[in-house]
Amino acid sequence: MNIFQSLIIKKVTGAYPALKELVGAALFENPKNPEFGDTALPCFRFSSVLKKSPAAVAEELRNLFEEDDSFESVTNINGYLNFKYRKERYIEYVCGSFEKNTLFNDIKSYGGGKTVVIDYSHPNVAKNMGIHNLRSTIIGQSIYNIHEFLGFKAVGVNHLGDWGTQFGKLMWALEEWSSYEEVENKGILFLNEIYVRFHNEAEIKPELEEKAREWFKKLEDNDEPALKWWKLFIKVSMDAYNDIYRRLNIKFDHITGESFYIKFLDDTVNRLDERGLTEFSEGALVVKFDDSENMPPCLLKKSDGATLYATRDIAAAMYRLIEFKPNRVLYVTDVAQELHFAQVFKVMEMYDPTNKDIFRHIKFGRLSFPNVQMSTRKGNIVPLSEVLDRARDKVLDIIEERNADIPDKLQTADKIGIGAVIFNDLSVSRIKNIEFDWDKTLSFEGETGPHVQYSYVRIMNILEKTGSFDTIADLSLIKDEFSYDLIKLLEQFEPKVKQACEEYEPSVIANYLIELSKSFNRFYQNNRVVGEEVKTMQSRAYLINILGTVYGKCMDLLGIPKIDKM
RNA sequence: GUACCCAUAGCUCAAUUGGAUAGAGUACCUGGCUACGAACCAGGCGGUUGGGGGUUCGAUUCCCUCUGGGUAUACCA
């Protein structure tokens with residue numbers, strides 16, 4: 001809420017105390033048609049309290065502002081009370097709030113240091129990171145960035161899939177067909193090949209599955225050769241993952257695989273036992289839910305006594321509660337795991353009712369390639385590194401065509417490719433399924449990553465050319481509608497970032513970035529900065545400088561690389 | 001079978017969380033570079049918000065139902 005809106009509320013509740021309970025920030029709306037005004041107060045909800053029609057209420061309230069010189073006009077249209085701010089005061093107010101980063105400081109206290117644990121990316125060791133890992137990784141990182149910016153204590157967790165019989169398969173296969181050195185040299189793609197080959201052979205010779213189980217048992221028993229293989233898998237995998245994380249600017253505070261929680265499993269099951277939550281059903285140890293939950297039971301142990309995915313996630317959840325004392329724990333995964341997390345969270349709540357509001361499944365829709373079925377076993381997943389390389393190469397072609405003389409072409413192309421891939425993902429609501437489309441993603445026009453980066457380049461070029469100056473900009477020179485629209489949009493920065501945080505929706509910021517870009521480009525078309533009369537240039541450069549800060553921050557929050565020249 | 005999610009312009013998506021004449025991009029058709037970068041700007045075309053009921057001052061939004069698509073559904077993760 002800005003100072004004008006505070007003033008409106010103060011006057012309205014002063015004159016009509018009965019409205020006090022109804023009036024709040026949520027009541028103000030941005031008029032659909034900017035001709036109406038800068039902010040609007042819908043009077044529909046007041047009408048029942050004051051026993052008058054909305055239009056009559058609006059008319060009465062309008063009279064309160066007859067003498068008020070904070071507003072250029074106050075009009076009553078269809079039950080909406082529309083306010084036009086006194087422009088120069090509004091401009092001063094918005095620009096002032098960005099001055100010396102006071103607004104940023106205000107935003108940064110929003111989280112109040114509350115701890116939010118965010119579990120994202122979590123690739124499966126020895127498996128190549130594919131396009132299916134992409135969404136979790138970049139959505140998770142963006143949510144992390146947003147929380148951190150808003151003053152939460154964000155804890156990024158990479159929960160590696162580093163345990164299970166698939167490692168037994170690899171160990172047996174490598175002992176037979178390969179060597180430690182070969183794996184070390186050829187890396188993770190080689191492990192994928194071996195994995196596929198194992199499954200092909202196992203279709204003919206089912207006894208191989210038994211061999212794999214034997215090797216996994218060796219691993220569970222800390223057998224030295226098995227352990228050596230396993231450690232190699234992790235090293236080779238992390239090398240590959242870190243390459244991608246570096247390119248995408250992904251960071252974690254804790255990297256702990258499933259194997260880390262093995263030692264807590266017995267204790268976890270015991271705790272649930274002590275609360276009387278467990279029972280045997282069809283030979284398996286389960287937690288059953290109330291009928292109203294409409295969920296199948298959560299399996300803790302198979303009939304053979306082995307633990308399951310859910311058991312490990314419950315153990316991990318309990319560990320995180322103790323280790324991080326979080327106010328919230330977010331799991332950024334595919335929507336397909338909805339039931340799994342619903343079960344795990346319910347078990348956590350049954351164990352301790354105060355856990356009810358802590359855990360959240362941040363689910364997202366499928367990202368698919370046209371005509372590609374994902375299956376690691378068949379080996380036809382699309383490796384993420386190849387996607388990024390291909391994006392870079394396609395961008396490189398376009399750069400050669402349009403602007404061949406920029407420096408660091410390869411590096412720039414990589415950043416544009418990455419920005420394109422990230423923006424393509426983050427610009428739509430999480431829940432939507434996305435079919436990856438090269439042409440759409442790498443298009444340089446319209447609502448795309450390259451376009452967002454291009455506008456930033458233009459902003460920065462202006463600032464580079466105006467240089468810095470000591471004199472204070474004369475804001476009264478800002479009068480045109482394009483600047484004013486831009487300023488109104490800049491005021492939205494704080495609410496937009498908060499909304500993105502509350503809804504765990506980076507797309508809110510992506511869409512805001514598009515709005516900023518459009519508004520800036522209109523400004524750019526109609527207002528020159530460089531070459532104008534000094535005072536005018538300074539006032540415009542001042543505005544563009546604020547825009548650059550906000551724009552750049554939004555790019556940072558999404559993880560879109562910033563570029564000087566493109 | 002059951003549960004959850006999705007359905008808005010030819011296509012990809014928004015819509016201030018129940019508000020004003022449902023908005024952008026793209027595609028298509030016009031017009032604009034002797035310019036701080038035309039990867040841009042201005043204009044045009046395009047809608048029974050999947051169908052039908054209901055709730056109310058007001059529904060793309062909430063409820064019911066039907067249709068179409070997706071996901072999950074006990075010893076994989």
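Every chain is numbered from 1 and lettered A, B, ... according to where its sequence line falls, protein lines coming before strand lines. Computed from heavy atoms alone, side chains included, the values below leave out hydrogens, waters and symmetry copies.
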Participant: Using a 4.0 Å heavy-atom cut-off across all strands, classify A:Glu338 as base, sugar-phosphate, or nothing.
Facilitator: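 Result for A:Glu338 = sugar-phosphate.
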Participant: Given atom CD1 of A:Ile434 and atom C1' of B:rG70, what is their separation to the nearest angstrom?
Facilitator: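 Distance check: A:Ile434 CD1 to B:rG70 C1' gives 15 Å.
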Participant: Hey, does A:Ser281 reach any base, or is it just sugar-phosphate, or nothing, if we go heavy atoms under 4.0 Å?
Facilitator: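 Base: the residue A:Ser281, judged by heavy atoms under 4.0 Å, touches a nucleobase.
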Participant: Mind running salt bridge (charged side-chain N to carboxylate O under 4.0 Å, His left out) on A:Glu59 and A:Lys52 for me, showing each step along the way?
Facilitator: CA-CA 11 Å; A:Glu59 190 51 34; A:Lys52 281 176 187 149; over 6 Å; no
Participant: Counting only distance, no hydrogens or angles, is the base of B:rA14 paired donor-acceptor with the side chain of A:Ser507 under 3.5 Å?
Facilitator: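 By the distance-only test, no, there is no pair.
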Participant: Which whole-number value in Å describes the distance from A:Lys346 NZ to B:rA3 P?
Facilitator: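 Roughly 18 Å, once rounded to whole Å.
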Participant: Are A:Thr278 and A:Asp273 close enough, and set up right, to give a side chain to side chain donor-acceptor pair (under 3.5 Å), and what steps lead you there?
Facilitator: CA-CA 5 Å; A:Thr278 64; A:Asp273 253 346; 2.2 Å; yes
Participant: Please determine which of A:Trp230, A:Phe260, A:Tyr309 meets the ring-ring contact (aromatic ring centres under 6.0 Å, His included) test together with A:Trp163.
Facilitator: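 Option passing the ring-ring contact (aromatic ring centres under 6.0 Å, His included) with A:Trp163: A:Trp230.
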Participant: Side chain of A:Lys565: nearest nucleotide among B:rG37, B:rU73, B:rC41?
Facilitator: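 Taking heavy atoms from C-beta onward, the closest nucleotide is B:rG37.
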Participant: What I'd like to find out is whether the side chain of A:Ser483 reaches to under 4.5 Å of the side chain of A:Phe523, using heavy atoms alone.
Facilitator: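 They are in side-chain contact.
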Participant: Using only side-chain N and O atoms of A:Arg458, determine if any of them is under 4.0 Å from OP1 or OP2 of B:rA38.
Facilitator: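 A:Arg458 to B:rA38 OP1/OP2: side-chain N or O found under 4.0 Å.
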Participant: For A:Phe345 and A:His361, which heavy atoms make the closest approach, and how far apart are they?
Facilitator: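 Smallest interatomic distance, heavy atoms only, reads CE1-N, 3.4 Å.
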Participant: Nearest to the A:Arg528 side chain among B:rA74, B:rU26, B:rA35, which nucleotide is it?
Facilitator: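 Among the listed nucleotides, the one closest to the side chain of A:Arg528 is B:rA35.
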Participant: Counting only side-chain N and O atoms of A:Arg522, is one of them less than 4.0 Å from OP1 or OP2 of B:rC41?
Facilitator: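 No.
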Participant: For A:Met295, which contact category applies under a 4.0 Å heavy-atom criterion: base, sugar-phosphate, or nothing?
Facilitator: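 If one applies the 4.0 Å heavy-atom cut-off, A:Met295 turns out to touch nothing in the nucleic acid.
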Participant: Distance alone, cut at 3.5 Å: any donor-acceptor contact between the side chains of A:Asn133 and A:Tyr241?
Facilitator: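 Side chains of A:Asn133 and A:Tyr241: no pair found under 3.5 Å.
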Participant: Without decimals, in angstroms, what is the distance between A:His451 NE2 and B:rG25 C1'?
Facilitator: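 Those two atoms, NE2 and C1', are 10 Å apart.
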Participant: Any donor-acceptor pair under 3.5 Å joining the side chain of A:Asn433 to the base of B:rG70?
Facilitator: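 No pair found.
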Participant: Under 4.0 Å, counting only non-hydrogen atoms across every strand here, what does A:Glu464 touch: a base, just sugar-phosphate, or nothing?
Facilitator: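 Nothing, no nucleic acid heavy atom in range.
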Participant: Is the shortest side-chain N/O distance from A:Arg312 to OP1 or OP2 of B:rA77 below 4.0 Å?
Facilitator: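 For B:rA77, OP1 or OP2 has a side-chain N or O of A:Arg312 closer than 4.0 Å.
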Participant: Here's a test of your reading of the structure: between A:Lys440 and A:Leu308, which maps to the more 5' nucleotide of RNA chain B?
Facilitator: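 By nearest-heavy-atom nucleotide position, the 5'-most residue is A:Lys440.
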Participant: Taking 4.0 Å as the cut-off, does a side-chain nitrogen or oxygen of A:His340 come that near to OP1 or OP2 on B:rA72?
Facilitator: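 The answer is no; no side-chain N or O of A:His340 sits under 4.0 Å from OP1 or OP2.
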Participant: I want to check one thing: is the phosphate of B:rC4, taken as OP1 and OP2, less than 4.0 Å away from some side-chain N or O of A:Lys363?
Facilitator: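 False: A:Lys363 side-chain N/O out of range (4.0 Å or more) of B:rC4 OP1/OP2.
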Participant: Using atom names, set out every protein N or O paired with an N or O of nucleotides 20-24 of chain B below 3.5 Å, distance rounded to 0.1 Å.
Facilitator:
residue, atom, partner, partner atom, Å
B:rA20, OP2, A:Lys32, NZ, 2.3
B:rA20, N6, A:Asn82, OD1, 3.2
B:rA20, N1, A:Asn82, OD1, 3.1
B:rA20, N1, A:Asn82, ND2, 3.2
B:rA24, O3', A:Lys518, NZ, 3.4
B:rA24, O2', A:Glu447, OE2, 2.6
B:rA24, O2', A:Lys518, NZ, 2.4

Participant: Start at the 5' end of RNA chain B and walk down; is the nucleotide closest to A:Gln337 or to A:Pro54 reached first?
Facilitator: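 Residue closer to the 5' terminus by nearest nucleotide: A:Pro54.
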Participant: Which one, B:rA14, B:rA74, B:rG37, comes nearest to the side chain of A:Val428?
Facilitator: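 Nearest nucleotide to the side chain: B:rA14.
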Participant: Contact class for A:Pro42 (heavy atom, under 4.0 Å): base, sugar-phosphate, or nothing?
Facilitator: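 Nothing: the residue A:Pro42, judged by heavy atoms under 4.0 Å, touches no strand.
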Participant: Between A:Tyr261 and A:His159, is the ring centre distance below 6.0 Å?
Facilitator: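 A:Tyr261 vs A:His159: aromatic centres under 6.0 Å.
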Participant: I'd like to know whether A:Asn526 forms a side chain to side chain donor-acceptor pair (under 3.5 Å) with A:Asp480, so could you lay out the CA-CA distance, the side-chain angles of the two residues, the decisive distance to 0.1 Å, and finally the verdict.
Facilitator: CA-CA 9 Å; A:Asn526 293 285; A:Asp480 66 291; over 6 Å; no
Participant: What is the separation between atom CG on A:Asn294 and atom C1' on B:rG1, rounded to the nearest whole Å?
Facilitator: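 Checked: the CG to C1' distance equals 12 Å.
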